[in-house]
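The block underneath contains the structure these notes are about, expressed in structure tokens.
All residue numbers refer to positions in the sequence shown, counting from 1. Note: hydrogens, waters and symmetry copies are ignored here, and every other heavy atom, side chains too, is used. Remember, predicted model here, so these are calculated numbers, not experimental data.
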Amino acid sequence: MNRKLFVELSEIKTTVLDLAWFILVISYSYLKFNTYDLINGILGFITVIFVHIIINFHNNYMDYKNSKDLEYRQKISTIGINRESLAIVKKWMYGLTIFPLLIGAFLVYRTGWPILVIGVICIGIGLLYSGGPKPLNSTMVGEAVVAIAISILIPLTYSYLGLVGTGNFDSSSAIDIVIVCLPNTFAMFAAQLCNNTCDLESDIKNGRHTLVYHIGKTNALSLFKASWALTFLLIPILALLQVVPYITLLALLLYPMIWDKFHPYLKVQVKTQTYPLVIQAVTQLVLAYVFLIAVGAIIDKIVSLL
């Protein structure tokens with residue numbers, strides 16, 4: 001397998017969000033507790049990166065294997081376009097698992113069995129997204145489950161790893177992390193809706209009955225807009241409630257630019273043309289939100305030293 005194909009199958013660019021969640025959790029931890037176990041956190045981050053890559057391999061593998069549409073196999077699927085052997089893809093997928101297994105076992109030894117449970121749940125959701133008798137990407141709950149898994153469960157994992165040894169991880173801190181992550185969750189949910197509206201015809205041909213299939217494109221577009229409205233509404237609410245630093249209000253300045261990227265998608269849902277614009281908008285908002293929380297944590301630290 002060449003480098004270009006590996007990058008496409010692993011969708012390695014998407015792992016930038018794993019780094020964003022890591023920075024988010026560290027910033028929150030220092031804001032509230034002024035501590036974070038960086039060794040456990042970094043090991044967890046490396047593990048999440050590998051798991052994310054493996055799951056992306058698995059999703060591409062299963063989507064090709066389970067596809068019923070010849071056009072999808074030949075012109076859409078990365079495996080089909082590159083005429084790669086499924087056996088080779090499977091070998092890479094299985095070969096990469098050695099790294100997260102070893103690091104994960106070490107983290108269980110350092111932090112206890114709960115991280116094993118969290119890991120199994122996260123990995124299970126990832127594998128069931130495109131695998132199993134009824135893949136999540138073929139159901140009406142797939143969009144919501146994926147958004148929650150990506151934007152909440154992964155940050156909770158980082159939070160547990162960095163705070164459990166300090167005695168600061170409990171139900172209260174876990175709830176706080178969930179609340180802080182909510183703007184990201186609605187943004188990710190909108191991204192999933194965008195993906196499935198663009199793929200609706202292809203999904204129907206391949207027997208996938210997503211939420212978009214059940215509610216129709218018109219309602220899906222309305223839900224998309226509502227999800228983004230909640231994303232931008234939550235940021236000032238969380239800032240005013242002092243859940244996140246006031247400086248995160250600056251993220252609202254992105255609204256005009258982000259809305260401009262939505263216009264083409266709301267008119268025409270085309271995977272190769274308008275979907276990338278929405279993903280750019282999601283990435284910009286998420287990274288800005290996380291960056292501003294990190295800046296707020298740094299400012300808080302500097303003020304405390306004065």
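If you take CZ on Phe45 and CZ on Phe50, they are separated by 11.0 Å, rounding to the nearest 0.5 Å. Atoms CG and OG1, from Leu136 and Thr210 in turn, are 12.5 Å apart once rounded to the nearest 0.5 Å. Residue Ile54 holds its CD1 atom at 11.0 Å from OH of Tyr94, rounded to the nearest 0.5 Å. Rounded to the nearest 0.5 Å, atoms CD1 (Ile118) and CG (Leu161) are 7.5 Å apart. Between atom CG of residue Asn137 and atom OG1 of residue Thr139 there is a gap of 8.0 Å, rounded to the nearest 0.5 Å. In this structure, CD1 in Ile154 is found 8.5 Å from CG in Leu17, a value given to the nearest 0.5 Å.
No side-chain N or O of Ser173 forms a donor-acceptor pair with one of Asp176 less than 3.5 Å apart. Residues Tyr265 and Thr197 bring a donor and an acceptor atom of their side chains to less than 3.5 Å of each other.
Only one option out of Thr15, Thr47, Asp18 pairs with His52 in a side-chain hydrogen bond (donor to acceptor under 3.5 Å, both in side chains); it is Asp18. Residue Val25 forms a side chain to side chain contact (heavy atoms under 4.5 Å, CB included) with just one option from Val290, Ile177, Leu163, and that option is Ile177.
Using cut-offs of 30° and 60° for the angle between ring planes, the Tyr28 and Phe33 rings count as perpendicular. The aromatic rings of His263 and Trp259 sit perpendicular to each other, their planes meeting at more than 60°, with 30° as the lower class boundary.
The nearest pair of heavy atoms linking Pro245 to Leu31 is CG-CD1, 3.7 Å. Considering every non-hydrogen atom in both Cys194 and Tyr275, the closest pair reads SG-CD1, 3.4 Å. Across His58 and Met93, no two heavy atoms sit closer than the pair CA-SD, 3.3 Å. Nearest heavy-atom pair, Ala191 versus Ile279, reported as atom, atom and distance to 0.1 Å: CB-CD1, 4.1 Å. Between Tyr36 and Ser29 the shortest heavy-atom distance is CD1-OG, 3.4 Å. Residues Leu254 and Leu285 approach most closely at CD1-CA, 4.2 Å, considering heavy atoms.
Annotation: Lys217, atom NZ; neighbour count of heavy atoms from other residues, nucleotides and ligands within 6.0 Å is above 12. The local environment of CD1 in Ile215 is crowded, with over 12 non-hydrogen atoms from other residues, nucleotides or ligands closer than 6.0 Å. The neighbour count for Phe291 CZ, taken as heavy atoms of other residues, nucleotides or ligands under 6.0 Å away, does not exceed 12. Other residues, nucleotides and ligands contribute more than 12 heavy atoms inside 6.0 Å of the NZ atom of Lys271.
The side-chain heavy atoms of Tyr30 and Asp300, taken from C-beta on, include no pair separated by under 4.5 Å. Asn59 places none of its side-chain heavy atoms less than 4.5 Å from the side chain of Glu11. Residues Tyr255 and Ile235 have side chains not in contact (no heavy-atom distance under 4.5 Å, counting atoms from C-beta outward). The shortest distance between side-chain heavy atoms of Ser227 and Glu143 does not fall below 4.5 Å. Put simply, the side chain of Leu223 reaches to within 4.5 Å of the side chain of Leu211, judged on heavy atoms. Looking at heavy atoms from C-beta onward, Tyr158 lies out of side-chain contact with Leu24 at the 4.5 angstrom threshold. For the pair Val268 and Gln273, the minimum side-chain heavy-atom distance is 4.5 Å or more. Proximity of Leu266 to Leu221: side-chain heavy atoms (C-beta onward) are separated by under 4.5 Å at one or more points.
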Run the side-chain contact (heavy atoms from CB on, under 4.5 Å) check on Val212 and Asp199 step by step: do they pass? CA-CA 9 Å; Val212 176; Asp199 285 346; over 6 Å; no
Pair Ile42-Phe22, side-chain contact (heavy atoms from CB on, under 4.5 Å): steps then yes or no: CA-CA 9 Å; Ile42 291 172; Phe22 188 39; 4.1 Å; yes
Assess the residue pair Phe169 and Thr111 against the criterion (side-chain contact (heavy atoms from CB on, under 4.5 Å)); give the C-alpha distance rounded to whole Å, side-chain angles, the decisive distance to 0.1 Å, and a yes or no. CA-CA 12 Å; Phe169 186 85; Thr111 66; over 6 Å; no
Verify side-chain contact (heavy atoms from CB on, under 4.5 Å) between Cys122 and Thr157, making sure each step is shown before the conclusion. CA-CA 9 Å; Cys122 291; Thr157 301; 4.1 Å; yes
Give the intermediate values and the outcome of ring-ring contact (aromatic ring centres under 6.0 Å, His included) for residues Phe262 and Trp228. CA-CA 10 Å; Phe262 289 164; Trp228 268 101; 4.9 Å; yes
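Val180 and Val282 fall within the same hydrophobic cluster, defined by Ile, Leu, Val, Met, Phe, Trp and Tyr side-chain heavy atoms under 4.5 Å apart, directly or through other members. If you chain together hydrophobic residues whose side chains sit under 4.5 Å apart, Val178 and Leu233 fall into the same group. No path of Ile, Leu, Val, Met, Phe, Trp and Tyr side chains, each step under 4.5 Å between heavy atoms, connects Leu287 with Leu234, placing them in separate hydrophobic clusters. If you chain together hydrophobic residues whose side chains sit under 4.5 Å apart, Val48 and Val120 fall into the same group. A continuous path of hydrophobic side-chain contacts links Tyr160 to Ile26 [ILVMFWY only; heavy atoms under 4.5 Å].
Under the 3.5 Å distance criterion, the side-chain polar atoms of Trp21 are left unmatched by any main-chain donor or acceptor of Leu153. Side chain of Ser222 to main chain of Thr218: a donor-acceptor pair is present (N/O by atom type, distance under 3.5 Å, no hydrogens or angles). At least one donor-acceptor pair under 3.5 Å links the side chain of Thr185 to the backbone N or O of Cys181.
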